[in-house]
Amino acid sequence: MEESIKKAQTEGRDKEILYSRAIKAGKRIYYLDVKKNLKDDLFLSITESKKVQPKDGSQITFEKHKIFLYKEDFEKFMEGMADVIGYIRKTRTETPEESPAISSEESPKENLEEIKLNIEF
């Protein structure tokens, strides 16, 4: 009995959202949720929710995928994101009118001014 109460408290505590931001992108919605674990450490929960409509016309469902990102990994994660987004921007095949100019001297971080995440604990 005591174990089930403890489990319910644990599950409820992990689900507590302290701050949230939703990003709508076509059929997908990305949720960035700041949560607190049992040790009162804050972490980031990233959820992708994708609308899925089966071809047979049955009820629309949502596929969800989650990533948990802990504060000790924020810097490495952001460096990796800056790197891969910079690579994509350099190599995409849009016409010059559609694509902002990127010089070869710019680092990927310089190309990501609009993608900044400042999370301090």
Side-chain angles (χ1 to χ4, degrees):
M1 177 89 169
E2 187 176 315
E3 187 176 311
S4 64
I5 292 171
K6 189 173 184 179
K7 183 178 179 182
Q9 289 173 340
T10 301
E11 289 173 358
R13 181 87 184 244
D14 274 347
K15 293 180 182 179
E16 180 182 359
I17 298 172
L18 303 174
Y19 182 80
S20 185
R21 176 150 183 201
I23 303 164
K24 294 181 181 181
K27 291 184 177 183
R28 292 181 174 88
I29 301 174
Y30 299 97
Y31 297 96
L32 305 176
D33 300 323
V34 178
K35 297 182 177 185
K36 189 184 291 189
N37 67 14
L38 292 175
K39 296 179 182 178
D40 286 338
D41 290 329
L42 300 181
F43 66 96
L44 176 63
S45 172
I46 303 170
T47 305
E48 174 204 33
S49 181
K50 181 181 175 184
K51 189 186 231 182
V52 180
Q53 185 169 10
K55 291 181 182 178
D56 64 2
S58 59
Q59 187 174 358
I60 295 172
T61 59
F62 290 89
E63 252 180 37
K64 292 186 179 183
H65 304 278
K66 289 188 178 240
I67 296 173
F68 299 106
L69 187 61
Y70 300 93
K71 64 182 176 184
E72 60 268 16
D73 302 324
F74 288 166
E75 189 172 324
K76 288 180 182 179
F77 186 85
M78 291 305 295
E79 286 173 7
M81 285 287 287
D83 180 49
V84 297
I85 291 172
Y87 173 82
I88 291 168
R89 287 184 172 167
K90 278 184 178 180
T91 59
R92 66 181 169 193
T93 57
E94 294 179 2
T95 61
E97 307 86 54
E98 296 172 338
S99 178
I102 299 173
S103 72
S104 59
E105 292 90 36
E106 290 179 314
S107 72
K109 283 186 179 179
E110 292 170 339
N111 296 325
L112 296 178
E113 290 180 24
E114 70 276 7
I115 303 175
K116 291 186 178 181
L117 183 59
N118 185 7
I119 300 175
E120 295 185 22
F121 294 93

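Values below: all heavy atoms of this structure, side chains included; hydrogens, waters and symmetry mates excluded. Quick caveat: nothing in here was measured; it's all calculated off a predicted structure.
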(request) Quick one: pull up CD1 in I85 and CE in M78 and give me the separation to the nearest 0.5 Å. (result) 7.5 Å

(request) Can you establish whether the number of heavy atoms outside Y19 located under 6.0 Å from its atom OH is more than 12? (result) no

(request) List in chain and number order the residues that pass side chain to side chain contact (heavy atoms under 4.5 Å, CB included) with K64, two or more places apart in sequence or in another chain; answer none if no residue qualifies. (result) T47, S49

(request) Any chance you could measure I23, atom CD1, to I46, atom CD1, to the nearest 0.5 Å? (result) 9.0 Å

(message) Can you tell me if E75 has over 12 outside heavy atoms packed within less than 6.0 Å of its CD?
(response) no

(message) Just to verify, what does Y70 make a ring-ring contact (aromatic ring centres under 6.0 Å, His included) with, not counting sequence neighbours?
(response) F43

(request) Please name all residues satisfying side-chain hydrogen bond (donor to acceptor under 3.5 Å, both in side chains) with E63, sequence neighbours left out, ordered by chain then number. (result) H65

(request) Drop me the distance from D41's CG to K71's NZ, to the nearest 0.5 angstrom. (result) 4.5 Å

(request) Starting at CD1 of I17, measure out to CG of L32 and round the result to the nearest 0.5 Å. (result) 11.0 Å

(request) List the atom of L69, the atom of F74, and the distance in Å for their closest heavy-atom pair. (result) O-CE2, 3.5 Å

(request) Can you sort out the partners of F77 under ring-ring contact (aromatic ring centres under 6.0 Å, His included), two or more places apart, ordered by chain and number? (result) none

(request) Could you state whether Y31 and F68 fall into the same hydrophobic cluster, counting links through intermediate Ile, Leu, Val, Met, Phe, Trp or Tyr residues with side-chain heavy atoms under 4.5 angstrom apart? (result) no

(message) Could you work out, with side chain to side chain contact (heavy atoms under 4.5 Å, CB included) as the rule, every residue matching T61, not counting sequence neighbours?
(response) V52

(message) Among K27, R28, K66, which residue satisfies the salt bridge (Lys or Arg N to Asp or Glu O under 4.0 Å) criterion with E48?
(response) R28

(message) Could you work out, with side chain to side chain contact (heavy atoms under 4.5 Å, CB included) as the rule, every residue matching I60, not counting sequence neighbours?
(response) K51, Q53

